[in-house]
2 protein chains.
Amino acid sequence: MAKEGLEGSESGYRSTEARRLIIGLLSSSDESLTADQIHDRLRKAHRKVGLATVYRTLKLMRNSRAIERIDVGDGTARYETAELRPEDHHHHLICRSCHRVRRYAQFSEEELDLMKRTEHSLEGRFGYQITGHRIYFEGICPECQAKQ
Amino acid sequence: MAKEGLEGSESGYRSTEARRLIIGLLSSSDESLTADQIHDRLRKAHRKVGLATVYRTLKLMRNSRAIERIDVGDGTARYETAELRPEDHHHHLICRSCHRVRRYAQFSEEELDLMKRTEHSLEGRFGYQITGHRIYFEGICPECQAKQ
DNA sequence: GTGAATGCAAAGACTTTGCAGCGAT
DNA sequence: ATCGCTGCAAAGTCTTTGCATTCAC
C-alpha cells in the first residue's frame with residue numbers, strides 16, 4: 001500500500017526483474033544516476049539489461065511520477081526517486097567538477113516557510129501556477145577538492 | 001570598462017558580427033534561449049549564421065563566463081547572460097509544459113540571507129566548497145494555462 | 001598578410017524506436 | 001495463449017569537430 005511505483009497490479013505494468021532492479025538502485029542511492037551508470041551497475045551485478053531497456057524503464061517510471069530527471073549541464077540526464085510525499089522533499093549539491101549530484105533532505109522550517117511565501121508571490125506576479133521548486137547548490141565536492 | 005564580455009580587445013577574441021548579434025539577443029531577453037532559437041532568430045533577422053557557429057560562440061562565451069547554460073529536462077540546453085555581479089542574481093520560472101524559462105530578479109533580503117546561511121551550513125555538513133546556488137520554480141506559464 | 005572565425009558536412013554523444021523473440025499474467 | 005517486455009541494431013536529436021574559405025586585425 002505504501003510505495004507503489006510500478007509494482008501495483010492495477011497499474012497495468014508488469015513487474016519484471018529489470019524494473020525491480022532499477023527502482024532498487026535508485027531508491028538506495030543518495031546520488032542521482034545516469035542511464036549509463038545504471039546500466040553499468042547492473043552489468044557488474046551480473047544482471048544483463050540492455051541500455052534501451054534502462055531508458056524505457058526510466059521513461060516509464062518518469063511518466064508514472066516514480067522518478068524524476070535532472071539535468072545539470074554536462075549533457076547527460078540523471079535520475080532519482082521522486083518526491084512523492086512532502087517529507088521526501090530534498091535539495092541538491094552539484095559538483096562543478098565531476099557533475100556528481102548529491103541529495104540532502106535536512107532543511108529548516110524557515111526555509112520551507114519562505115519558499116511557500118515566495119511561490120505564492122510569484123503566482124500573483126507572473127501568472128504562473130507554481131507546482132514546486134528545486135534548489136541546487138553548486139560547488140566542489142570533497143573528492144574533487146582533494147584532487148586539485 | 002563596464003560590460004566586457006567578448007568585446008574587450010585584450011581578451012584575444014575577435015569582434016565579429018555573429019558574436020555581437022548573439023550576445024545582443026541573449027542580453028535583451030528575459031527568457032533563456034536554445035541554440036536553435038538563437039539560430040532561428042538570426043535567420044529571421046536576415047543574418048545568416050551557421051548553427052555550428054552559434055554553438056561555437058556559445059561555448060566561447062560560456063568559457064569566458066559571459067553566459068551560462070541551463071538544462072531543464074527536455075534534453076535541450078538553454079543559455080542566458082551570466083550573473084557577473086551580485087545584482088545580476090536571479091531565479092527561474094520553468095514551465096512544465098512548454099519548458100520556457102523565465103528569469104526574474106526581485107527577491108527579498110530575507111531570502112539572500114537565508115541562502116547565505118544555508119550555504120555555510122552545507123559546507124560544514126558535507127565538505128563541499130559552495131560557490132553559488134540556483135533556484136528553479138516549476139509551474140505552468142499563463143500561455144499554457146490558457147491552452148488547457 | 002596571418003591566424004582566427006565561419007559554413008558545411010561529417011562525426012559524436014545521448015536517447016528513442018522498430019522488430020522479432022521471450023516471458024509475466 | 002496472450003500481449004507486454006526485452007535485446008539488438010537502426011534511427012533520431014542535439015552538439016561538436018574537420019577542413020577549406022573568408023574575414024578581422
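Chain letters run A, B, ... following the sequence lines, proteins first and then strands; every chain starts at 1. Treat the numbers as computed from the prediction; the structure is a model and nothing was measured. What you see below is based on every heavy atom in this structure, not just the backbone, and it leaves out hydrogens, waters and symmetry mates.
- Here H90(A) pairs with H92(A) under the ring-ring contact (aromatic ring centres under 6.0 Å, His included) rule; sequence neighbours left out.
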Tell me which donor-acceptor pairs under 3.5 Å the side chains of residues 37-45 of chain A have, and how far apart each pair is, sequence neighbours excluded?
| unit_1 | atom_1 | unit_2 | atom_2 | d |
| --- | --- | --- | --- | --- |
| Q37(A) | OE1 | T34(A) | N | 2.8 |
| H39(A) | NE2 | V49(A) | O | 3.1 |

Interface polar pairs with nucleotides 21-24 of chain D, N/O, under 3.5 angstrom:
| unit_1 | atom_1 | unit_2 | atom_2 | d |
| --- | --- | --- | --- | --- |
| dA24(D) | N3 | R14(B) | NH1 | 3.3 |

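- Membership of the apolar cluster around I70(A) extends to V72(A), I94(A), V101(A), Y136(A), I70(B), V72(B), I94(B), V101(B), Y136(B), as traced through chained side-chain contacts below 4.5 Å between ILVMFWY residues.
- Atom OH of Y79(B) is separated from atom P of dC14(D) by 12 Å (rounded to the nearest Å).
- By the ring-ring contact (aromatic ring centres under 6.0 Å, His included) test, F126(A) pairs with Y104(B), sequence neighbours left out.
- Legend: side chain to side chain donor-acceptor pair (under 3.5 Å) pairs involving residues 68-77 of chain A, not counting sequence neighbours, sorted by first then second residue: E68(A)-R134(A), D74(A)-R78(A).
- The CG-C1' distance, from L58(B) to dT6(C), rounds to 15 Å in whole Å.
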For nucleotides 18-20 of chain D, list the nitrogen or oxygen atoms of the protein found under 3.5 Å from its nitrogen or oxygen atoms, one pair per line.
| unit_1 | atom_1 | unit_2 | atom_2 | d |
| --- | --- | --- | --- | --- |
| dG18(D) | O6 | R56(B) | NH1 | 3.2 |

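- Among residues two or more places apart in sequence or in another chain, the side-chain hydrogen bond (donor to acceptor under 3.5 Å, both in side chains) test is passed with D113(B) by R117(B).
- Remark: E83(A) engages H89(A) in a side-chain hydrogen bond (donor to acceptor under 3.5 Å, both in side chains) (not counting sequence neighbours).
- Rounded to whole angstrom, the span from the CD1 atom of I38(A) across to the P atom of dT15(C) amounts to 10 Å.
- Look at CZ on R62(B): it is 10 Å from P on dT15(D), rounded to the nearest Å.
- Distance, D74(A) CG to dC14(C) P: 8 Å, rounded to whole Å.
- Under the side-chain hydrogen bond (donor to acceptor under 3.5 Å, both in side chains) criterion, S97(A) pairs with no residue at all, not counting sequence neighbours.
- For the pair Y55(B) and dT15(D), the criterion of a side-chain N or O lying under 4.0 Å from OP1 or OP2 is met.
- Checked against dT16(D), dT6(D), dT17(C), the side chain of R69(B) finds its nearest nucleotide in dT16(D).
- Contact detail for E123(A) and I130(A): the closest heavy-atom pair is OE2-N, 2.8 Å.
- One atom, NZ of K59(B), and another, C1' of dG12(C), lie 12 Å apart when rounded to the nearest Å.
- Residues G50(A) and R78(B) both approach DNA chain D. Their nearest nucleotides, taken by heavy-atom distance, put G50(A) toward the 5′ side.
- Residue I22(A) contributes atom CD1, which lies 12 Å from atom C1' of dC5(D) at whole-angstrom precision.
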Stepwise side chain to side chain donor-acceptor pair (under 3.5 Å) check, R103(A) with S32(A)
CA-CA 8 Å; R103(A) 300 150 47 114; S32(A) 311; 5.8 Å; no
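- In the set dC14(D), dT6(D), dG7(C), the nucleotide with an atom closest to the side chain of T76(B) is dC14(D).
- Atom CZ of R65(B) has 12 or fewer heavy atoms from other residues, nucleotides or ligands within 6.0 Å.
- Following rounding to the nearest Å, L60(B) (CG) and dT6(C) (P) show an atom-to-atom distance of 9 Å.
- Helix-axis bend for the helix from dG1(C)-dC25(D) to dT25(C)-dA1(D): the local axis fitted to the five terminal pairs at one end deviates from that at the other end by 40°, rounded to 10°.
- With sequence neighbours left out, E87(B) forms a side-chain hydrogen bond (donor to acceptor under 3.5 Å, both in side chains) with no residue at all.
- Comparing atom distances between the T53(A) side chain and each of dT6(C), dT16(C), dT6(D) picks out dT6(D) as nearest.
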